[in-house]
Amino acid sequence: MKITEVRLGKISVPLRVPFKTALRSVDSVEDVVVEIHTDTGHTGYGEAPPTGAITGDTTGAIIGAIQDHIAKSIIGMDVDDFEDVLQKVQKCVVKNSSAKAAVDIALWDLYGQLYKIPVYKLMGGARKNIVTDITISVNDPETMAADAINAIQRGYDCLKIKVGVNPKLDIDRLAAVRKAVGDDVCIRIDANTAWEPKEAVRILNGMQEKGLQIELVEQPVKAHDLEGLKYVTENSYVPVLADESVFSPEDAVKIMQMRAADLVNIKLMKCGGLYNALKIVSAAEVYGVECMLGCMLEAKISVNAAVELACAKKIITKIDLDGPVLCSEDPIIGGAVFNEKNITVSDEPGLGIKGIEPGKIQYL
Ligand SMILES: C[C@H](N)C(=O)N[C@H](CCC(=O)O)C(=O)O
Ligand SMILES: [Mg+2]
């Protein structure tokens, strides 16, 4: 199965409501779609969003990295030389984790098709069903309480609450949400790097002293501030999950060795795809650190690849794969079934993606 062409396109999917975090505010998912074609007539699908505020990757940079470096390096290679092709993707250009992830995902899709096996079974095959949380954007406390009730009415029982814009409001935000949804709903929060370490401990312990039952906090402090992250981990009542601080497997190992966080959030767009995500998973298994499988604002092709990984590995105990359910439509045909919080992985070979709705992709 030789790679003959790497074709790129763009999709744009409106969100149900604007997505607002401490780092950015957007109204739609804008993704680069990758199709890898082969001499056997197979197509592998991948996808990457331009999450510049977190990865530094813009649409133009994703397209440029793939066209100028990655595609040139892998065209003509045989997908059956899988390790060689995956390593070529990682090594032909530095950084550019989202571009690498998009191509890596498409290659796993092809490799699964070659051996007629779903990707989650190739990687471990632990389970077929997972349950995701849903994200509530940061707003004023009343709006967030109303959004939380709406999520509960859609059937979600775990909410990921964004905080960190005007941190003075954060305890009031969580108090309003907890009051609105009651005690049985799981609430996790994500500060997206917004707080200083001492401020984080004060806010988090203030929340727990009020009985708000926060399950975990994601990335309370700046990405590079591992000492600050460790300070929060050691001094707050709330378990800490590292997100923006963990891109590569090396980052993950460092955080685990330092005990700078209690958990890590694996995202394919940060680590460059499934090849490196599996290394983070292995490190987590060795250190006994549970993982979240998360996503950026992404449509269903790349989130589908994350579903495959989450269904393969039991060390992944927290699921934040709500990209597709935040969208107002799903232009992707095939793949995992997203029924609100319940996600069922596809049993088709590869990723099970059949294509994109006609007219929904703009080829370059
Ligand atoms: C969409 C997902 N639930 C999420 O919140 N991801 C964010 C970053 C998403 C983005 O800005 O595109 C996170 O976990 O930090
Ligand atoms: Mg996060």
Side-chain angles (χ1 to χ4, degrees), residues 12-13 15-32 47-59 62 97-98 101 130-139 144 147-148 151 154 156 158-165 186-195 200 214-223 229 232 238-247 251-252 255 261-271 291-300 302-304 306-307 310 316 318-328 338 340-341 343:
S12 175
V13 188
L15 293 169
R16 287 170 176 246
V17 292
F19 180 81
K20 297 185 201 171
T21 75
L23 291 174
R24 67 190 197 126
S25 183
V26 282
D27 297 323
S28 60
V29 169
E30 305 290 334
D31 286 346
V32 177
E47 177 185 27
T51 321
I54 296 176
T55 60
D57 298 332
T58 59
T59 298
I62 293 168
S97 56
S98 306
I130 50 175
V131 177
T132 185
D133 61 16
I134 190 163
T135 304
I136 305 296
S137 286
V138 57
N139 276 302
M144 293 177 76
D147 289 348
R154 285 174 67 187
Y156 292 91
C158 187
L159 306 177
K160 167 156 151 168
I161 311 289
K162 294 289 186 181
V163 293
V165 174
C186 157
I187 294 182
R188 49 186 67 151
I189 62 179
D190 189 353
N192 285 107
T193 74
W195 298 328
I214 309 302
E215 181 211 23
L216 59 85
V217 60
E218 223 172 287
Q219 197 64 38
V221 300
K222 292 185 185 72
L229 193 65
V232 181
V238 179
V240 173
L241 179 145
D243 185 4
E244 283 87 341
S245 294
V246 181
F247 273 55
D251 295 339
I255 281 181
D262 299 292
L263 308 106
V264 298
N265 189 342
I266 303 172
K267 289 184 186 151
L268 301 183
M269 296 304 140
K270 292 186 299 173
C271 67
C291 300
M292 173 180 278
L293 211 302
C295 62
M296 305 296 184
L297 268 190
E298 304 162 38
K300 210 177 73 182
S302 49
V303 177
N304 187 71
V307 169
I316 297 164
K318 318 273 177 204
I319 308 295
D320 175 38
L321 296 177
D322 59 347
V325 295
L326 297 173
C327 292
S328 62
F338 287 74
E340 296 290 8
K341 69 177 180 180
I343 307 175

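Ligands are counted one by one from 1 in listed order, and the atoms in each one are counted from 1 as well. Atom set for the values below is all heavy atoms of this structure, side chains included, hydrogens, waters and symmetry mates excluded.
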Open item on the list: With a heavy-atom distance limit of 4.0 Å, tell me whether Thr51 approaches ligand 1 through its side chain, its backbone, both, or neither.
Closed with: side chain
Task: Per-atom contacts, ligand 1 versus Asp243 - under 4.0 Å to a heavy atom - done: 13 (C), 14 (O), 15 (O)
- [ ] State whether the shortest distance between N or O atoms of Phe19 and N or O atoms of ligand 1 falls below 3.5 angstrom.
- [x] no
- [ ] Examine all N, O or S atoms of Asp243, backbone included, and report whether one is under 2.8 Å from the Mg ion (ligand 2).
- [x] yes
TODO: Work out which heavy atom in Ile214 is nearest to a heavy atom in Ile189; give both atom names and the distance.
DONE: CG2-CG1, 3.9 Å
- [ ] Below 4.0 angstrom from a heavy atom of Lys160, which ligand 1 atoms are there? Numbered from 1 as shown, please.
- [x] 4 (C), 5 (O), 13 (C), 14 (O)
Task: Where ligand 1 meets Glu218 - atom numbers and elements under 4.0 angstrom, heavy-atom basis - done: 13 (C), 14 (O)
TODO: For atom 8 (C) of ligand 1, grab the closest protein heavy atom and report residue, atom and distance to one decimal in Å.
DONE: Ile54 CD1, 3.7 Å
Open item on the list: Using 0.5 Å steps for rounding, measure from the CZ atom of Arg24 to the CD1 atom of Ile54.
Closed with: 6.5 Å
Task: Which residue and heavy atom of the protein sit nearest atom 13 (C) of ligand 1, plus the separation - done: Lys267 NZ, 3.0 Å
Open item on the list: Restricting to N, O or S atoms, which atom of Asp190 is closest to the Mg ion (ligand 2)?
Closed with: OD2
- [ ] To the nearest 0.5 Å, tell me how far Ile255 CD1 sits from Leu229 CG.
- [x] 5.5 Å
Open item on the list: Looking only at protein heavy atoms, which one is nearest to atom 1 (C) of ligand 1, and what is the separation?
Closed with: Asp322 OD1, 3.4 Å
Open item on the list: Within this structure, what is the CD1-CG distance for the pair Ile266 and Asp320, rounded to the nearest 0.5 Å?
Closed with: 12.5 Å
Open item on the list: Show, in sequence, the C-alpha distance, side-chain angles and deciding distance for Thr132 and Asp322, and conclude whether the side-chain hydrogen bond (donor to acceptor under 3.5 Å, both in side chains) test is met.
Closed with: CA-CA 6 Å; Thr132 185; Asp322 59 347; 5.3 Å; no
Task: Closest protein heavy atom (residue, atom, distance) for atom 15 (O) of ligand 1 - done: Asn192 ND2, 2.7 Å
Task: Name of the residue among Lys160, Arg188, Lys318 meeting salt bridge (charged side-chain N to carboxylate O under 4.0 Å, His left out) with Asp133 - done: Arg188
Open item on the list: Looking only at protein heavy atoms, which one is nearest to atom 12 (O) of ligand 1, and what is the separation?
Closed with: Arg24 NH2, 2.6 Å
- [ ] For Asp190, take its heavy atoms, then give the atoms of ligand 1 lying under 4.0 Å from any of them.
- [x] 13 (C), 14 (O), 15 (O)
Task: Distance, nearest 0.5 Å, that separates CG of Leu263 from CG of Asn265 - done: 9.5 Å
- [ ] Identify, for atom 5 (O) of ligand 1, the protein heavy atom at the shortest distance, and state residue, atom and that distance.
- [x] Lys162 NZ, 3.0 Å
- [ ] Indicate the atoms forming the closest heavy-atom contact of Pro50 with Glu30, along with that distance.
- [x] CD-O, 2.6 Å
TODO: For atom 6 (N) of ligand 1, find the nearest protein heavy atom and state the residue, atom name and distance (0.1 Å precision).
DONE: Cys295 O, 3.0 Å
TODO: Write the atom name of the N, O or S atom in Glu218 that is nearest the Mg ion (ligand 2).
DONE: OE2
Open item on the list: Could you check whether Asp243 pairs with Lys270 (Lys NZ or Arg NE/NH1/NH2 to Asp/Glu carboxylate O, under 4.0 Å)?
Closed with: yes
Task: Gap separating the CG atom of Leu268 from the CD atom of Glu47, nearest 0.5 angstrom - done: 11.0 Å
